[in-house]
S.K.: 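Before anything else, here's the structure in question.
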There are 2 protein chains.
Amino acid sequence: MSHPHTIWINETTGIVEATDQRWLPFRNDIFQIRTLDDAYFAIREMVVRGAPLIGVTAAYGLYVAACNFEEGDFSGYMSEAGEYLKISRPTAVNLAFAVDEALTHVCAEYSPEENAERLLAYAESLKRREIEYSTQIGCNGLELIRGISKKKGGSVVNILTHCNAGRLATIELGTATAPIYLAYEENIPIHVWVDETRPRNQGARLTAFELAEAGIPHTVVPDNVGGHLMQHGMVDLVLVGSDRTTLNGDVANKIGTYLKALAAADNQIPFYVALPSTSIDWEISDGLTGIPIEQRDPREVTHMVGLRKGQIAEVQILSDLSPAANYGFDVTPARLVTGLITERGICQASKEGILSLFPEKNIRT
Amino acid sequence: MSHPHTIWINETTGIVEATDQRWLPFRNDIFQIRTLDDAYFAIREMVVRGAPLIGVTAAYGLYVAACNFEEGDFSGYMSEAGEYLKISRPTAVNLAFAVDEALTHVCAEYSPEENAERLLAYAESLKRREIEYSTQIGCNGLELIRGISKKKGGSVVNILTHCNAGRLATIELGTATAPIYLAYEENIPIHVWVDETRPRNQGARLTAFELAEAGIPHTVVPDNVGGHLMQHGMVDLVLVGSDRTTLNGDVANKIGTYLKALAAADNQIPFYVALPSTSIDWEISDGLTGIPIEQRDPREVTHMVGLRKGQIAEVQILSDLSPAANYGFDVTPARLVTGLITERGICQASKEGILSLFPEKNIRT
């Protein structure tokens, strides 16, 4: 039933559709993106999430906006649409990247219809690019897992991951999970510790769901547990994704990632970040001061959605007398990152490391 | 309505009663401890929790057991009762301490009734001792907060705490919260970041409840957030309790404490542990290898209790297809602990530090 991709064009209706990730694994719905507002809502409310998928969704959102153009200044209309989408979520850099790149395809000489076609072509090409990047990240990261497996004499490789940097954060295969899927296909014995990832539980709800679907051995743990596991030799590798990585190698990722990086460093466990170059912010050098950290509705902390008697139900888990805060991301300083796994290979989390793989970006710096 | 203490003898009925902490803050029940099994259940199922309160509950449990003695070898019966209680929870050392100390008051020359009286007297004296220790810890820790407040020119002192080391973990005042209550009484501007503390949410459910009752400004955050707060200067002091502290200063506390200690060290933020000497294990030197870490029912991870339409309700938050693990505690190595706040004063988290405050223990080592 479910589509192999996370976003697609319905072949019958031509409507942009996406897997609605809000109720997974308990309900597997499809969300239709018919208007710019739908795209904004889908990103803002996390119908879709994950940096690469947010970027692709924004590109489709601009296509949909172009289709709905009525009259007036088309270029101005599209610029406004782009600015609107950009504010839907602040941290993932893929969003701004996709909007800006998409808009370079808008050309005043063409009709709105032709521009819509061009924007669709861009969205599809970005989608293909992200699929390709995931595959390449998978191949590059697989080498790491192979190496650890060999070192351990073939005994189980334990990988800890935080949040969801899987198929559901991308188009297919994922970023942090891509090497895991490939290792599993290659019959390397692996086991994944899945951080629950409060407050929205993307680990427990999405990563665990993906891994269970694929048959990959895994165990969900509260976010508090990783340090203990690392202290006791139960983690061989930490693999996470990134919402925005600065040119100096600082990594913004789901809140709590920094704590796992600290524990990995304290226990001499390799901590790798898997990311396509579309998640690199080439403009910012200091992640801690430069990357905007989203604050979301405290209701995500005070209430919890789950299954009750077969139905989706929500319970309040914090008394009305206590306020809550909900920071979406944190920044792991480059010094705590063992390496970045990109589509072009693995590099050090540093300007030198990143530019060694992406020398064409050197002109900008 | 609620009793000022967490465990007490009902003055009318003579029955041992305790605040049932399982459904707080949504329901405030009283739990009766009429039998040894009730005491075992109360500790095991976390009707009561927190190292000092577990110790006092065990002492009352032995009194109740003595009251229920029917015939045979009283001393053997009491020893068995003690061993039974000891296995109810493995990590808090107060449990074994209270059982062993209580049993030194059992004397074969006295009748079971007289022994029951002696055990009650012991339980009451241990309870008074824990109250006194909390007060002294509060006074000693208050100095720290005063110092930070002065250094900050009177602007708000932000304290982060994990789990519940409050009134509800003790008899009154708490351990980690004791200095907070006293600082608040002294009108020092403070604000407490309360870690939610998955999986059982003792922070969100108990610490937040306590602080709200007392009117102390606080904000609940998911366990993932503390590192980000510390990176951005939003935490001046980390204050936690302890379930067992070894003679060398290693601290077993609620799972996730170690991650906060790492973040505090990485950001040069003082990390203090407040504990009565009844939580010190004088026999173990290496906490990481020596302290047993409880593994609890994965259901605490896979399900979440909260309020729904005014009633306590439970939702399933993890699919049946994914297993979960539930480690109750972790060990923070002494090197990450700025100091221990005890009833006798503040010391370094080291054998030298601890023995400087408790020189009478030197003979044992």
Side-chain angles (χ1 to χ4, degrees), chain A residues 25-26 162 193-199 201 204-205 208-209 211-213 218-229 231-232 254-260 262-263 265-266 288 293 301-308 313-319 321-327 329-331, chain B residues 25-26 162 193-199 201 204-205 208-209 211-213 218-229 231-232 254-260 262-263 265-266 288 293 301-308 313-319 321-327 329-331:
Chain A
F26 304 117
H162 190 70
W193 294 106
V194 178
D195 274 359
E196 177 181 50
T197 319
R198 284 282 290 147
N201 293 18
R205 295 203 302 104
F209 169 70
L211 296 176
E213 266 199 330
H218 65 285
T219 307
V220 175
V221 285
D223 302 305
N224 283 321
V225 177
H228 172 76
L229 298 177
Q231 284 179 313
H232 291 270
K254 181 53 55 194
I255 190 84
T257 302
Y258 165 55
L259 295 171
K260 296 303 145 62
L262 285 168
D266 199 45
L288 259 178
I293 299 297
V301 179
T302 61
H303 289 68
M304 175 74 87
V305 166
L307 208 59
R308 179 174 163 78
E314 189 184 59
V315 292
Q316 178 175 353
I317 59 173
L318 182 63
S319 143
L321 299 174
S322 295
N326 186 9
Y327 296 87
F329 302 89
D330 62 22
V331 174
Chain B
F26 304 116
H162 190 69
W193 294 106
V194 179
D195 274 359
E196 177 181 50
T197 319
R198 282 281 291 147
N201 293 18
R205 296 203 301 104
F209 169 71
L211 296 176
E213 267 199 328
H218 66 285
T219 307
V220 175
V221 285
D223 303 305
N224 284 321
V225 176
H228 172 77
L229 298 176
Q231 283 179 314
H232 290 271
K254 182 54 56 193
I255 189 83
T257 302
Y258 165 55
L259 296 171
K260 296 302 145 63
L262 285 168
D266 199 46
L288 260 180
I293 299 298
V301 179
T302 61
H303 289 67
M304 176 73 89
V305 167
L307 208 60
R308 179 173 163 77
E314 189 185 59
V315 292
Q316 179 175 352
I317 59 173
L318 182 63
S319 142
L321 299 174
S322 295
N326 186 10
Y327 296 88
F329 302 90
D330 63 21
V331 173

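Letters A, B, ... mirror the listed sequences (proteins, then strands); counts begin at 1. Both backbone and side-chain heavy atoms feed into the values below; hydrogens, waters and symmetry mates do not.
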S.K.: Let me confirm one number: the CD-CD1 distance from B/Gln231 to A/Ile293, rounded to the nearest 0.5 Å.
M.R.: 8.5 Å
S.K.: Please look at A/Pro323 and chain B and tell me whether the side chain, the backbone, both or neither of the residue comes under 4.5 angstrom of a heavy atom of that chain.
M.R.: both
S.K.: With a 4.5 angstrom heavy-atom cut-off, which part of A/His303 approaches chain B: side chain, backbone, both or neither?
M.R.: neither
S.K.: If you look at every heavy atom in B/Ser322 and A/Val220, which pair is closest and at what distance?
M.R.: CB-CG2, 4.3 Å
S.K.: Taking ring-ring contact (aromatic ring centres under 6.0 Å, His included) as the criterion, tell me which of A/Tyr327, A/Tyr258, A/Phe329 meets it with B/His228.
M.R.: A/Tyr327
S.K.: Which atoms form the tightest heavy-atom contact between A/Ala212 and B/Leu321, and what is the distance?
M.R.: CB-CB, 3.9 Å
S.K.: Below 4.5 Å, heavy atoms only, C-beta onward: do A/His232 and B/Leu288 meet side chain to side chain?
M.R.: yes
S.K.: Tell me which one of A/Asn224, A/Ile317, A/Thr302 satisfies side-chain contact (heavy atoms from CB on, under 4.5 Å) with B/Glu196.
M.R.: A/Ile317
S.K.: Which atom names give the shortest non-hydrogen contact between A/Pro222 and B/Val301, and what distance separates them?
M.R.: CG-CG2, 3.8 Å
S.K.: Most heavy-atom pairs under 4.5 angstrom with chain A, which of B/Val194, B/Val225, B/Val221, B/Thr197?
M.R.: B/Val225
S.K.: Please report the closest heavy-atom contact between B/Val315 and A/Ala313, naming both atoms and the distance.
M.R.: CG1-O, 3.9 Å
S.K.: State the CZ-CG distance between A/Phe209 and B/Leu318, to the nearest 0.5 angstrom.
M.R.: 12.5 Å
S.K.: Answer with side chain, backbone, both or neither: which region of A/Asp223 has an atom nearer than 4.5 Å to a non-hydrogen atom of chain B?
M.R.: both
S.K.: Do you know which of B/Leu262, B/Thr257, B/Asp330 has the most heavy-atom pairs under 4.5 Å to chain A?
M.R.: B/Leu262
S.K.: Taking every heavy-atom pair that is under 4.5 Å apart, which of A/His218, A/His162, A/Glu314, A/Lys260 has the most such pairs with chain B?
M.R.: A/His218
S.K.: Checking heavy atoms, do the side chain of A/Arg205, its backbone, both or neither come under 4.5 Å from chain B?
M.R.: side chain
S.K.: Does any backbone or side-chain atom of A/Val305 lie under 4.5 Å from a heavy atom of chain B? Answer side chain, backbone, both or neither.
M.R.: backbone
S.K.: Can you tell which part of A/Leu229 gets under 4.5 Å to a heavy atom of chain B, answering side chain, backbone, both or neither?
M.R.: side chain
S.K.: Quick one: closest heavy-atom pair of A/Thr219 and B/Ala325, and the distance?
M.R.: CG2-N, 3.5 Å
